[in-house]
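This report refers to the structure that appears directly beneath it.
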Amino acid sequence: MTNGPPRLPDLESARALDREDPLSRFRDRFAIPKGPDGGELRYFCGNSLGLMPLAVPDALAEECRDWGALGVNGHFDAKHPWYSYHDRFRDRGARLVGALPSEIVYMNSLTVNLHLLMVSFYRPEGSRRKILGEAPAFPSDTYAMESQVRFHGGDPATDLVQLAPREGETYLRDADILETIERDGAEIALVLFSGVNFYTGQAFDLKAIAAAAHAKGCIFGVDLAHAAGNLALTLHDDDVDFAAWCSYKYGNSGPGAIAGAFVHERHGKDPSLPRFAGWWGNDPETRFRMHLNETFIPHVGAEGWQLSNPPIFSMTPIDASLALFDEATMPALRERSKRLTGYLETCLATLGESVEIITPTNPDRRGAQLSVRFKSDPSAVRDALESAGCVCDFRPPDVIRVAPTPLYNTFEDVLSFVRVLAEVGAKS
Ligand SMILES: *Cc1c(COP(=O)(O)O)cnc(C)c1O
């Protein structure tokens, strides 16, 4: 028996894990960026901008050809008619987040969708005026929530409550969230959490939060920016009221890709819900009556929240990307993701005290990402990772967010990353 700290696995064992995993083959369907030396980068920023599926350029070229050849007739005569473009991937999109097809729509971008959904679902009244969220929140979400509060004549200092981890702890306790709702629920109009916190990587128990919120008469919405394409979500069954997500992170659909929105079936059927309307949210039966159609008749389901006809070129990559998720299936990807992130955790454990993982240790309470606080000099860590071809995200002063994604990262990527940290740690 040898004692002492565990040792980093060797390269051959990491490569063996890659060879044995049937989902490793999906990496070949992506463009992997190259470093200055011509080698493939070790890309851990799929939580920020996912890599490009190789099928995307041809799919875009096809839409351009149809536009050139058909002009306006492309709305109905294109290979994938633009008028009903969304029909192509509605089912796939629904599977990605565990929704009924009628509960989702792709439209706008994430922050826009949060606003549009809050128009319908944040309606402070009487003494029920608060929004409860988590801290730290992504700035765009905070701005959106603060401005919604002000729009309704409220004061964010009292009406926006962002629950922070306890002193000395790095992420929220499930019980603290549920107890806060239980205690203050009568004053809370909307509970709006992320599915996975962008900073700590904590995944929230959506089903439990939805139940606690509903028991107190609150609406529960979720920002899935870091959860869609990362967790095996079950939005419908969890009874989430509404959700929105971007498609360019784990969704691999390109910079600024069109975002998703989810509205639970029971709300989608309710034409009386106040909303900001546009012609694309109107019932298709009467949409093209144009000036003859004087009153807005909302489309049943999430599509009733659409405003404009969709930007086809920004929708095309979504279809190409969702096809890969469907082929691999989200539950299988999630299992592989747990193996990859578990491996990252095991490797990091060999570094001892020089790093601290601030993400939950329970695999069900996190997604692909680990957030790692390091003790070495930040610029030394940064330089070393960069020269080793590792692309990670630094959050000053001392946190790196590392997200091995199951569609294109490898066990070898993970080992290489930890080796770099080990070398910097050994020097300092
Ligand atoms: C990435 C991200 C956003 C980005 O918003 P956009 O409207 O797509 O620019 C917003 N909120 C969260 C939580 C995010 O992670």
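Numbering of ligands and ligand atoms starts at 1, following listing order. Everything numeric in this text was worked out from a predicted model, so none of it was measured.
Under the side-chain contact (heavy atoms from CB on, under 4.5 Å) rule, Val399 has a single partner from Ile358, Val372, Thr170, which is Ile358. Looking at Tyr250, Phe44, Phe30 one by one, the single match for ring-ring contact (aromatic ring centres under 6.0 Å, His included) with Tyr408 turns out to be Phe30.
A cation-pi arrangement is present between Lys249 and Phe138 under the rule of less than 6.0 angstrom and at most 45 degrees off the ring axis.
Sorted by chain then number, the residues whose non-hydrogen atoms approach ligand 1 to under 4.0 Å are Leu110, Thr111, Phe138, Asp141, Asp223, Ala225, His226, Tyr248, Lys249.
In summary, the aromatic rings of His152 and Tyr122 are positioned with their centroids under 6.0 Å apart.
Among pairs with a residue in residues 51-60, none fulfils side-chain hydrogen bond (donor to acceptor under 3.5 Å, both in side chains), at least two apart in sequence or across chains.
The pair Glu345-Arg366 counts as a salt bridge, with a side-chain nitrogen and a carboxylate oxygen less than 4.0 angstrom apart.
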